[in-house]
**Q** 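The structure that follows is given in the form of structure tokens.
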Amino acid sequence: MSPKLSDIPVFVPSHNNVSVNVSNVTNATGTNSTTSISTFNPETSTSFTPFSPSTPQVQTNESNYFSGKNGEHDSQNQENNGQHDPSGQSRQQSEHHYIEQDPSFNEPFFQQTNLYPINYHLYAPQASTPLSLSKKKNERTVNELFISDHLRQEIQSKNEECLKTVIPSQYNLPVHVEQYHSLYPIDLKYDKSANSFGYPTTIYKVQSNDDGKLYAMRRLENVPITSEKSFASIPKWGSINNANMVKVHEAFTTRAFGDNSLIIIYDYHPNSSTLVEHHFYHIKQREPVLITEDVLWNYLIQLTNALSDIHQQGLAVRKLDPSKIIMTGTNRIRLSSCALPDILEASTEIREKEKNGDSAGVNISTITDKLNSNMKISETEPPKTNIDKNKLVELQKADLKELGLLIYNLAKTSVMISDNTLEPSAIISKLKLSDFFKSVLRFLILEDEEGEEKTGGITVAKLQALIAPKVFSNLNQLQFATDDMESQLSREVENGRLVRLISKLDLISNRPENIKDGSWSETGERYPIKLFRDYVFHQVDDAGKPVIDLNHVITCLNKLDAGVEENLLLVSADEMSCLIISYKTLKNLVETCFNQLRHR
Ligand SMILES: Nc1ncnc2c1ncn2[C@@H]1O[C@H](COP(=O)(O)OP(=O)(O)OP(=O)(O)O)[C@@H](O)[C@H]1O
């Protein structure tokens with residue numbers, strides 16, 4: 001049986017009782033009471049002595065005053081609000097406990113924080129199957145209050161990747177290469193394949209000592225670069241900011257690895273995978289992703305976007321290989337080794353000229369000397385690029401053809417082709433793709449010499465015009481994705497607000513330096529804050545089990561942060577004292593106490 005509100009002994013400040021009508025305090029039985037009752041008034045009460053009569057005035061009958069709907073909780077939580085029940089009578093437990101939705105998860109949500117690897121769902125365990133929850137329209141699950149689990153997991157594992165380190169000596173790595181330190185081999189297979197560029201290649205996550213940021217350092221071993229003219233295109237590459245290209249920062253040679261390594265510094269994109277890894281390998285228990293027409297359109301549009309900027313800068317990619325395109329987020333791809341083919345080709349040309357007695361080259365020691373004196377090649381006066389115009393046009397056409405071949409090869413994986421003698425045109429006809437897509441593929445890879453003479457050949461501009469209708473639907477999806485991200489962000493903004501509030505509450509309550517005299521948290525303005533903290537975080541049910549209900553915590557903290565007029569009933573753990581106070585008053589108290597703390 002629930003007690004009547006009028007039976008509850010009321011907190012009496014040491015002076016100046018203010019009588020209020022408590023009609024807006026919902027009592028334990030859910031009916032409104034109009035009993036006249038004293039409220040706590042911090043302005044008139046500077047010190048508070050907890051009311052502890054020798055005979056408890058609180059009726060400890062079989063259910064206490066938190067046992068029913070009390071106006072502070074939604075209908076889901078009303079059974080979770082029991083504080084310590086001296087009678088020991090147990091009450092049916094709430095079905096909506098935050099933890100208990102997952103039977104395998106027996107620990108309270110904060111108890112697994114130091115386990116490794118990180119449990120990404122620690123912050124808000126996933127409801128077993130959200131679809132099976134029959135919720136009312138106004139009801140929310142815990143998951144809906146936070147950033148989605150999938151996105152959080154993705155961001156956290158990226159952050160984790162950023163923090164990874166190895167001991168340099170274990171991997172035979174230099175402690176630093178120029179201003180870049182904390183080298184971490186990204187490709188943990190540590191496989192130094194020479195397939196792509198003809199030189200063994202490794203890629204490291206590094207940190208710059210200049211700006212503290214992380215970068216990806218690609219190293220090619222033993223590259224015979226003899227002139228800084230090999231780096232002539234780097235400033236141009238560095239000036240390109242394109243969403244589908246990994247930004248190039250600088251290039252130099254170094255002897256830090258004990259050889260003559262060529263180094264290129266790129267933006268670092270944690271947890272990325274190459275298209276080959278993404279579509280053809282099982283990595284980290286992830287299934288290879290199926291290549292559908294939507295995926296192909298998506299790649300075609302993004303790569304066209306990258307080529308467009310690169311060609312406009314008077315450059316060519318020269319290498320459009322699926323192992324040199326990385327997936328840096330959901331459906332987001334980037335060209336990952338730009339500038340490298342330019343450097344290698346320029347250095348070969350220079351070496352050829354040197355062999356033929358041309359003095360265009362500069363000795364490698366000159367470059368290393370410059371590097372040793374901290375002079376970066378990307379910062380020097382850029383030597384003139386000497387790709388002639390006709391060659392550039394040819395290279396750019398080759399880029400588009402390579403793009404066509406890349407998409408064609410990816411598309412081909414979706415059909416079984418037993419006859420190896422089939423021409424590409426016949427294979428394209430067999431593909432289970434729309435006619436529109438097939439016509440774009442034909443345009444890219446089957447444009448014959450004759451057609452080229454008539455039309456001037458393929459260019460990015462022509463490709464852009466051809467795929468324009470698809471670009472708009474892609475744009476539409478992108479904008480939806482941005483909307484989704486924004487709504488996720490707005491939820492986290494709310495959570496950030498609550499973290500600040502919890503920090504304030506914790507800074508104010510139970511300060512160890514004041515425990516001896518008990519004068520800080522136990523009396524005056526701090527007392528209601530302490531009781532509120534217990535009310536939010538330290539409730540126990542009738543069986544003495546802690547009530548772990550995140551909904552209750554968030555609801556109360558939100559009301560406190562908003563400073564709503566609603567009153568709530570706070571009871572001390574020994575049930576000797578209780579008080580009625582509004583969230584608004586509590587909010588002011590928290591602010592006052594926090595400011596006092598700052599000026600102590
Ligand atoms: N800028 C970057 N930031 C973060 N990771 C990257 C970056 N560029 C590449 N990677 C990652 O580094 C790994 C190795 O890339 P790499 O380009 O060497 O591919 P690969 O398949 O090893 O090719 P190769 O056979 O040429 O060595 C891949 O997992 C790729 O996702």
Side-chain angles (χ1 to χ4, degrees), residues 154-166 171 173 177 180 182-208 211 213-223 234 237-238 240-251 257 261-289 299 302-303 306 310 317-345 378 402 406 409-410:
E154 199 178 305
I155 294 173
Q156 281 181 331
S157 65
K158 280 187 178 180
N159 289 348
E160 197 186 357
E161 203 62 29
C162 290
L163 293 172
K164 282 185 179 168
T165 51
V166 289
Y171 284 79
L173 295 173
V177 178
Y180 302 100
S182 309
L183 276 71
Y184 175 85
I186 291 176
D187 198 351
L188 276 183
K189 295 178 284 185
Y190 209 55
D191 121 54
K192 291 183 186 176
S193 113
N195 295 343
S196 303
F197 302 103
Y199 299 93
T201 309
T202 21
I203 181 153
Y204 305 92
K205 164 175 80 80
V206 292
Q207 188 164 18
S208 162
D211 58 13
K213 288 186 187 164
L214 296 176
Y215 292 94
M217 172 192 279
R218 193 180 280 277
R219 170 194 168 210
L220 270 68
E221 293 178 24
N222 277 316
V223 186
I234 292 295
W237 281 108
I240 301 177
N241 275 318
N242 185 282
N244 300 114
M245 184 195 121
V246 180
K247 191 169 168 59
V248 179
H249 288 277
E250 62 176 331
F257 293 90
S261 291
L262 166 63
I263 301 289
I264 306 201
I265 303 293
Y266 295 98
D267 264 356
Y268 173 61
H269 294 279
N271 254 1
S272 55
S273 53
T274 64
L275 282 196
V276 177
E277 292 165 345
H278 189 68
H279 290 294
F280 305 107
Y281 286 97
H282 282 265
I283 292 183
K284 294 182 186 166
Q285 293 156 5
R286 185 189 48 71
E287 294 286 315
V289 176
Y299 290 173
Q302 293 186 54
L303 293 174
I310 293 169
V317 181
R318 298 173 192 235
K319 186 154 191 75
L320 267 161
D321 187 287
S323 76
K324 294 295 160 274
I325 298 171
I326 55 172
M327 192 97 196
T328 56
T330 316
N331 297 328
R332 186 63 180 284
I333 56 167
R334 287 175 157 95
L335 295 174
S336 71
S337 63
C338 291
L340 199 40
D342 278 1
I343 298 174
L344 293 177
E345 192 179 305
S378 57
E402 272 211 51
L406 172 81
N409 285 327
L410 289 174

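As the structure is a prediction and not an experimental result, all values here were calculated from the model. Throughout, numbering of the chain's residues begins at 1 and tracks the sequence. Both counts, for ligands and for their atoms, begin at 1 and track the order of listing.
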**Q** Can the ring centroids of Y266 and H249 be said to lie less than 6.0 angstrom from one another?
**A** no

**Q** Show which atoms of ligand 1 fall inside a sub-4.0 Å distance from at least one heavy-atom site of S272.
**A** 4 (C), 5 (N), 6 (C), 10 (N), 29 (O), 31 (O)

**Q** With heavy atoms of I326 as the reference, note each atom of ligand 1 found under 4.0 Å away.
**A**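 Every atom of ligand 1 under 4.0 Å from some heavy atom of I326: 2 (C), 7 (C), 8 (N), 9 (C), 30 (C), 31 (O).
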
**Q** At the 4.0 Å heavy-atom cut-off, does V276 count as touching ligand 1?
**A** no

**Q** Is the number of heavy atoms from other residues, nucleotides or ligands within 6.0 Å of OH (Y281) greater than 12?
**A** no

**Q** Going by distance only, is there an N or O of S196 that falls short of 3.5 Å from an N or O of ligand 1?
**A** yes

**Q** Is the ring centre of Y204 less than 6.0 Å from the ring centre of F257?
**A** yes

**Q** Of the side chain and backbone of I203, name the one, both, or neither that has a heavy atom under 4.0 Å from an atom of ligand 1.
**A**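 It is the side chain that gets close, since no backbone atom is under 4.0 Å.
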
**Q** Within the side chain of Q302, is there an N or O that forms a donor-acceptor pair under 3.5 Å with the backbone of I333?
**A**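 Yes, Q302 side chain to I333 backbone: donor-acceptor pair under 3.5 Å.
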
**Q** Is I186 close enough to touch ligand 1? Criterion: a residue heavy atom under 4.0 Å from a ligand atom.
**A** yes

**Q** Among H269, E161, M217, whose heavy atom sits nearest atom 4 (C) of ligand 1?
**A** H269

**Q** Please check whether D267 reaches ligand 1 - meaning an N/O of the residue sits under 3.5 Å from an N/O of the ligand, judged on distance alone.
**A**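 Yes, D267 has an N/O under 3.5 Å of an N/O on ligand 1.
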
**Q** Report the member of K319, R218, K205, E277 with the shortest heavy-atom distance to atom 28 (C) of ligand 1.
**A**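 Comparing heavy atoms across K319, R218, K205, E277, the nearest one to atom 28 (C) of ligand 1 lies in E277.
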
**Q** Should you measure from each heavy atom of Y268, which atoms of ligand 1 turn up under 4.0 Å away?
**A**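 The atoms of ligand 1 under 4.0 Å from a heavy atom of Y268 are 3 (N), 4 (C).
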
**Q** With distance as the sole test, does K247 use its side chain to make a donor-acceptor pair with the main-chain N or O of G238 at under 3.5 Å?
**A**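 Judged by distance alone, yes, a pair lies under 3.5 Å.
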
**Q** Would you say the side-chain atoms of T201 pair up with the backbone N or O of Y199, donor to acceptor, closer than 3.5 Å?
**A** yes

**Q** Near A216, which atoms of ligand 1 are under 4.0 Å from a heavy atom of that residue?
**A** 1 (N), 2 (C), 3 (N)

**Q** Can you name the atoms of ligand 1, numbered from 1 with element, that are less than 4.0 Å from a heavy atom of S273?
**A**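 Contacts of ligand 1 toward S273, numbered from 1: 31 (O).
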
**Q** Would you mind reporting whether L220 and I264 have side-chain heavy atoms less than 4.5 Å apart?
**A**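 No. Closest side-chain heavy atoms not under 4.5 Å.
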
**Q** Classify the contact between M327 and ligand 1 as side chain, backbone, both or neither, using a heavy-atom distance cut-off of under 4.0 Å.
**A**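 Within the 4.0 Å criterion, M327 makes no contact with ligand 1.
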
**Q** I'd like to check which ligand 1 atoms, numbered from 1 as shown, lie under 4.0 Å from a non-hydrogen atom of V246.
**A**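 Counting atoms of ligand 1 from 1, those under 4.0 Å from V246 are 1 (N).
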
**Q** For R318 and E402, work out which heavy atoms get closest and say how close.
**A** O-OE2, 3.4 Å

**Q** Within a distance under 4.0 Å of any heavy atom of S323, pick out the atoms of ligand 1 and give their elements.
**A**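 Counting from 1, the qualifying ligand atoms are 17 (O), 19 (O).
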
**Q** Strictly under 6.0 Å, is that where the ring centroids of Y299 and H279 end up?
**A** yes

**Q** Determine, for Y184 and K205, whether the Lys NZ or Arg CZ falls below 6.0 Å from the six-membered ring centre while staying within 45 degrees of the axis.
**A** yes

